[in-house]
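Encoded as structure tokens, the structure appears first; notes follow it.
Labels below follow one simple rule: chain letters A, B, ... track the order of the sequence lines, proteins then strands, and each chain is numbered from 1.
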2 protein chains.
Amino acid sequence: MSQHYFIKLIESAASALTSAPFHSTREIEIPSPEQLCAYIDHTLLKPDATTEEILTLCQEAKRYQFAAVCVAPHWVPLCVEQMAENSMPVCSVVGFPLGASTSENKALEAEELIALGANEIDMVLNISRLKDKEYTYVYEDILQVVASGRGKIVKVILETCLLTEQEKIAACVLSKEAGAHFVKTSTGFGRAGATVEDVALLRQVVGHEMGVKASGGIRDYETAVAMIKAGATRIGTSSGVMMTA
Amino acid sequence: MSQHYFIKLIESAASALTSAPFHSTREIEIPSPEQLCAYIDHTLLKPDATTEEILTLCQEAKRYQFAAVCVAPHWVPLCVEQMAENSMPVCSVVGFPLGASTSENKALEAEELIALGANEIDMVLNISRLKDKEYTYVYEDILQVVASGRGKIVKVILETCLLTEQEKIAACVLSKEAGAHFVKTSTGFGRAGATVEDVALLRQVVGHEMGVKASGGIRDYETAVAMIKAGATRIGTSSGVMMTA
């Protein structure tokens with residue numbers, strides 16, 4: 001795929017956006033606190049998490065029937081073991097949280113995580129290359145992780161707080177072209193997290209064939225519901241227990 | 001190496017510390033602003049750095065004769081090319097900034113960076129495993145990166161702002177045992193950076209056979225000099241030009 005091809009595709013997505021403001025044709029049902037559980041990636045990514053905290057995370061995920069647990073790579077074996085009996089998905093992260101590792105290393109990391117039993121991969125795209133408009137680089141960076149994922153769900157983290165609207169649109173187009181399954185707003189380590197406006201923008205650009213994961217700073221039921229109304233199909237949060245209780 | 005062996009070693013380092021407060025037998029010369037250049041890893045690790053900013057970093061490093069440039073993995077080929085004629089070292093990072101990738105991935109990342117031409121590797125240790133007192137894990141995590149480094153300088157980032165004094169001592173002991181060349185205070189992405197007290201502690205535990213790199217929040221000449229007086233032999237900063245001008 002050439003740079004020229006991507007530029008055309010991004011321009012076309014941007015102009016579609018301007019000419020036809022998005023109105024969902026789908027009714028979005030507002031989930032009850034209990035129904036919200038199915039949206040939640042129960043997440044613990046802080047670098048000083050202990051075994052005890054990870055075990056608690058897994059127990060809570062099983063009790064509340066969250067969508068998945070989301071943990072750092074070195075915790076995957078423990079979580080896979082913990083979640084096995086309930087066959088609940090384990091999600092882990094690639095190139096996290098800066099997105100600045102090499103494409104080769106991201107692909108190897110995804111491959112290892114899948115081999116360890118992870119079911120979903122949240123990768124950070126290369127923000128610098130996106131800013132430099134190196135679209136082929138950004139596309140191939142994602143493509144290699146999708147290939148390593150061998151059909152498992154791959155979510156592309158955009159870190160929206162660092163991007164312009166044009167860059168957000170480009171990131172969505174490239175993620176979709178590369179065959180990723182979700183776009184995701186934030187790492188939770190940036191200076192800001194998900195906004196309703198960003199979730200709506202991402203949903204509008206990717207259409208209905210991809211998931212949108214809102215993450216970063218979502219700490220209560222009302223905020224989670226606002227994200228879902230804007231088009232989110234998954235919520236990444238460490239506050240899942242509190243917001244669904 | 002067994003857990004028991006490491007516990008003894010760490011206990012002995014901790015008690016040596018209590019019984020004999022450190023007094024350097026070496027005179028530390030205060031560097032002039034110009035002399036300070038030789039201490040500085042000229043650093044740009046923000047995830048949205050552009051090609052232009054990286055090229056400027058390299059030009060400044062050559063002009064000021066800094067110790068090295070320190071950049072994210074995907075910038076290594078560009079920096080190696082830029083620095084080649086002056087044979088200035090290129091430093092990059094492994095498992096950065098959370099230290100939470102698998103040991104296998106850290107080793108592969110170090111291996112790739114060296115193959116791409118990097119001369120120095122700053123790796124983040126596994127903070128969670130250190131807190132869980134899994135000393136053999138932490139040691140082997142470092143050891144594998146040192147092995148991948150094939151003799152190149154490996155610095156172990158402790159992220160001191162997340163550690164207790166006992167954990168800082170343990171991290172120094174394990175880094176030294178694993179054959180790393182430096183301990184380094186901070187990633188610059190944590191909630192705090194280097195302190196004079198931490199640099200002095202690290203220096204006291206590792207003795208004179210290892211380097212100590214102070215990093216995170218060092219933005220002026222006076223602070224850099226205070227770190228050097230406390231025992232730092234390398235300064236990681238993005239403000240190198242300002243503080244030596």
Heavy-atom pair count under 4.5 Å with chain B, highest-scoring of Val71(A), Leu98(A), Thr50(A): Leu98(A)
- request: State whether a side-chain donor-acceptor pair under 3.5 Å links Asn105(A) with Thr102(A).
  value: no
- prompt: Does a side-chain N-to-carboxylate-O contact under 4.0 Å join Lys184(B) and Asp122(B)?
  reply: yes
task: Name the region of Glu109(A), side chain, backbone, both or neither, that has any atom closer than 4.5 Å to a heavy atom of chain B.
output: both
- prompt: Looking at Glu104(A), Glu159(A), Lys131(A), which has the largest count of heavy-atom pairs under 4.5 Å with chain B?
  reply: Glu104(A)
query: Do Thr185(B) and Asp198(B) have side-chain N/O donor and acceptor atoms under 3.5 Å apart?
result: no
query: Looking only at heavy atoms, which two atoms of Met88(A) and Phe66(A) are closest? And how far apart?
result: CE-O, 2.8 Å
- prompt: Looking at Leu108(B), Leu116(B), Ile54(B), Asn126(B), which one has more heavy-atom pairs under 4.5 Å with chain A than the rest?
  reply: Asn126(B)
message: Need one label for Asp48(A): side chain, backbone, both or neither, based on atoms under 4.5 Å from any heavy atom in chain B.
response: both
- request: Kindly indicate, with the supporting measurements, whether the criterion ring pair (Phe, Tyr, Trp, His ring centres under 6.0 Å) is fulfilled by Phe6(A) and Tyr139(A).
  value: CA-CA 9 Å; Phe6(A) 291 125; Tyr139(A) 164 78; 4.8 Å; yes
Which of Pro73(B), Ser92(B), Gly99(B), Pro47(B) touches chain A most, by non-hydrogen pairs under 4.5 Å: Pro47(B)
message: I'd like to know if the side chain of Thr164(B) reaches the main chain of Glu167(B), judged simply by a donor and an acceptor atom lying under 3.5 Å from each other, with no hydrogens or angles considered.
response: yes
message: For Glu134(A), which atoms come within 4.5 Å of any heavy atom of chain B: side chain, backbone, both, or neither?
response: side chain
task: Count the heavy-atom pairs under 4.5 Å between each of Pro77(A), Ala49(A), Gly95(A) and chain B, then report the option with the highest count.
output: Ala49(A)
field: Part of Phe96(A) lying under 4.5 Å from any heavy atom of chain B
entry: both
query: With respect to chain A, which residue among Gly190(B), Ser128(B), Ala72(B) yields the maximal number of heavy-atom pairs within a distance under 4.5 Å?
result: Ser128(B)
query: Does Thr56(B) offer a backbone N or O that forms a donor-acceptor pair with the side chain of Gln82(B) under 3.5 Å?
result: no
